[in-house]
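See structure below.
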Amino acid sequence: MGSFYITTPIYYVNAAPHMGHAYTTIAADVIARHHRQRGDDVFFLTGVDEHGEPVANAAEAQGMTPQALADLNSERFRALMPRLNASNDFFIRTTDPEHKAKVQEVLTRIKDNGFVYKDHYEGWYCPRCADFKSENEIEDSNRCPIHHIELTREQEENYFFKLSAFQERLEQLYADNPDFVGPRHRANEALAFIKGGLQDVSLSRAKLTWGVEVPWDTEHVFYVWFDALLNYYTALSYARPGEDLTEKFWPPQLHVIGKDILKFHAVFWPALLMAADLPVPERIYIHGYLLMDGEKMSKSLGNVLDPLVVIDRFGTDALRHYVLRDVTFGQDGSVSTEAFEQRYESELANGLGNLASRCIAMVRKYRDGAVPAVQPELREDFDGLAGEVAALIDRAELTPALELVWERVRRLNRYVEETAPWTLANDPANAERLDVVLATLVEGLRVVAVLLASVLPETTEKLLATLGAPDTAYAGATLTAGTVAQVQALAPLFPKDIPAAAPA
RNA sequence: GGCUGGGUAGCUCAGCUGGUUAGAGCGCACGACUCAUAAUCGUGAGGUCGGGGGUUCGAGUCCCCCCCCAGCUACCA
């Protein structure tokens, strides 16, 4: 029973929300909900990153101010959260004035600590883009990848962050905390990068105005990454009006991120915190990409699985379950509408949904809905289960954790066949035996629902309400006599006769 | 090129420090049952564990070489 602070990355408002955003959010939400079940005081943060050049450029192209575009797109991300059933405690926007003020405060401290200096940044510059291009994005013979014109070598005055000063401390951090970054091979990747030698990085941009002003030199704005990373810290100071949660929740227990932003989180971020004399996060976990039929999703390929379309048709729970179940969390994996529908039918509808239907129907038919208050069987199958699941979730091994629970769903369906309650019901002499079987089934169902509550919040709430046992406290995830007294009728949890979505 | 992961049944993957006939889920075939959302349960087919050497009484599991896939190898967020 402690505090648990978990974050998603803040999503960049340059583009519309897509499955990748949904995936990260769902995973973090499952972990957040799980910890609430365990009685932890949870703070779950998500939000949007609104500054930087791509937003400024996109706004200009659309004839809007950057703020107007940010307002528009931020709202789309904010609206996504309830659709996913995300239980975030706050939604941060980097244009929040409180965030900006705090960023300035922290970075000023870093400067005061001697980790900031002014120098020239030199690179290949595209006058049409009005921007520097990195080495790996320029085309042959130094041409702009967008305009295909020749780039010029230019300089600009920048403030730099002395990342190089943290080489040793970062190596030590990784040595002392083997689980600082997970999965393991991502830690290897980050460590290899660190050991390769750290160079100082630009902290500010002079040619750009869409960002947080450098307080000691207002001709500059902070390079968007430093502004963005600090959201994890700044949010705590103003998420609750009149209250500063920093003391209570800092440092975070877990940052959930995608692999594209590993370096910023696993290298720059801890160094930045060290420079500010702040504790570093306990753990960063990197998930993989969802691939469509083995290929990266992209609009140009037209192979995008739209989370909102799936939710509209099958419900949020089905999407949450699918992405965590079908793709091993932490690895890349393929998704497809076929795989989704198959998983939905076999596991949710036929597996859990039908189990609930048959169990509840039998209790109503044979006992008028009254559940016998006798000791359930199957103890050997459920003993220790809750602990094992929690241990896996603590390691962010969400997929194996789910597998453990689904093994029990299958076990309960098998138990129904083994005990054949419909046969027992034929002979009053078997009444006691039938009592035990029914009690076991209902109780098993309840425990499974509690264990799946973080993944399937809507469905399990419905199911537990039917059982008259709405409590999802994790301590209750164990077979006990008499928890459920009476069951109500239950409509199919995961209906199968869902019409295909109307063509758009 | 270097580094890090990975290549195991049609599909998605488990297989810890080497040890009985290599496992699970899904899919498929056949059978059983009827409480249930024509759901469920059982049985089965079947894979030279990427390829080749080697160590060992014994290797998917260790060593060497090779092939293939993915990621990283710094300032796009």
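Because the structure is predicted, anything quoted here is derived from the model rather than measured.
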What is the base-pairing partner of A9(B), counting Watson-Crick and G-U wobble geometry with both distances under 3.5 Å?
none
What's the closest nucleotide to the side chain of Lys259(A) if the choices are A77(B), A70(B), U4(B)?
A70(B)
Indicate, with a heavy-atom threshold strictly under 4.0 Å, whether Asn350(A) touches base, sugar-phosphate, or nothing.
sugar-phosphate
What integer distance in Å separates Ile261(A):CD1 from G71(B):C1'?
16 Å
Would you say the side-chain atoms of Tyr11(A) and Asp49(A) include a donor-acceptor pair closer than 3.5 Å?
no
Picking from A74(B), U37(B), A70(B), the nucleotide nearest the side-chain atoms of Asp332(A) would be A70(B)
Would you check if there is a donor-acceptor pair between the side chains of Asn413(A) and Arg358(A) at a distance under 3.5 Å?
yes
With the side chain counted from C-beta on, respond yes when Val221(A) and Trp210(A) share a heavy-atom pair under 4.5 Å apart, and no when they do not.
no
Quick note, Asp260(A) side chain, CB onward, closest among A24(B), U37(B), A77(B) is A77(B)
Glu60(A), CD: over 12 other non-hydrogen atoms inside 6.0 angstrom:
no
Say you pick atom C1' in G27(B) and the same atom in U12(B); how far apart are they, in whole Å?
11 Å
Under 4.0 Å, heavy atoms only, any strand: does Leu262(A) hit a base, just the sugar-phosphate, or nothing?
nothing
Can Glu432(A) and Asn430(A) be counted as having a side-chain donor-acceptor contact under 3.5 angstrom?
no
For Arg184(A), answer base if it contacts any base atom (sugar-phosphate contacts may also be present), sugar-phosphate if it contacts only those atoms, and nothing otherwise; contact means non-hydrogen atoms under 4.0 Å.
nothing
Identify which nucleotide among C41(B), G27(B), C13(B) has an atom closest to any side-chain atom of Arg414(A), counting heavy atoms from C-beta outward.
C41(B)
Between G58(B) and U21(B), how many Å separate the two C1' atoms, rounded to a whole number?
15 Å
Mind checking if Trp406(A) touches a base, just sugar-phosphate, or nothing, with heavy atoms under 4.0 Å?
nothing
Going by atom types alone, do Gln172(A) and Glu168(A) pair a side-chain donor with an acceptor below 3.5 Å?
no
Can you see whether Glu50(A) engages Ser74(A) through a side-chain donor-acceptor pair at a distance of less than 3.5 angstrom?
yes
If you measure from the C1' atom in G15(B) to the same atom in G47(B), how many Å do you get, rounded?
15 Å
Which nucleotide in the list A24(B), A36(B), A77(B) gets nearest to the side chain of Phe264(A)?
A77(B)
Can you name the nearest heavy-atom pair linking Leu208(A) to Glu53(A), along with the distance?
CD2-N, 3.8 Å
Consider the side chain of Asp49(A), meaning its heavy atoms from C-beta on, and name the nucleotide among A77(B), G25(B), A74(B) that approaches it most closely.
A77(B)
For the side chain of Arg205(A), starting at C-beta, report the closest nucleotide among A77(B), A14(B), A74(B).
A77(B)
Is it the case that the side chains of Asp200(A) and Tyr117(A) hold a donor-acceptor pair, with the cut-off being a distance below 3.5 Å and no angle test?
yes
Candidates C35(B), C75(B), A14(B) - which lies nearest the side chain of Phe160(A)
C75(B)
Would you say Lys195(A) reaches C3(B)'s phosphate, i.e. side-chain N/O to OP1/OP2 under 4.0 Å?
no
Taking the minimum atom-to-atom distance to the side chain of Asn413(A), which one of U73(B), A36(B), U40(B) wins?
U40(B)
What's the closest nucleotide to the side chain of Glu189(A) if the choices are C33(B), A77(B), G71(B)?
G71(B)
Can you tell me how far C1' in C57(B) sits from the matching atom in C16(B), rounded to whole Å?
23 Å
Can you tell me the pairing partner of G1(B) across any strand shown, Watson-Crick or G-U wobble, with both distances under 3.5 angstrom?
U73(B)
Need one value for Tyr223(A): base, sugar-phosphate or nothing, where a base atom within 4.0 Å counts as base even if backbone is also close, heavy atoms only.
sugar-phosphate
Would you indicate what Glu347(A) reaches in the nucleic acid, counting non-hydrogen atoms under 4.0 angstrom: base, sugar-phosphate, or nothing?
nothing
Here the residues of residues 352-364 of chain A within 4.0 Å heavy-atom distance, strictly under, of RNA chain B are Gly353(A), Asn354(A), Ser357(A), Arg358(A), Ala361(A), Met362(A)
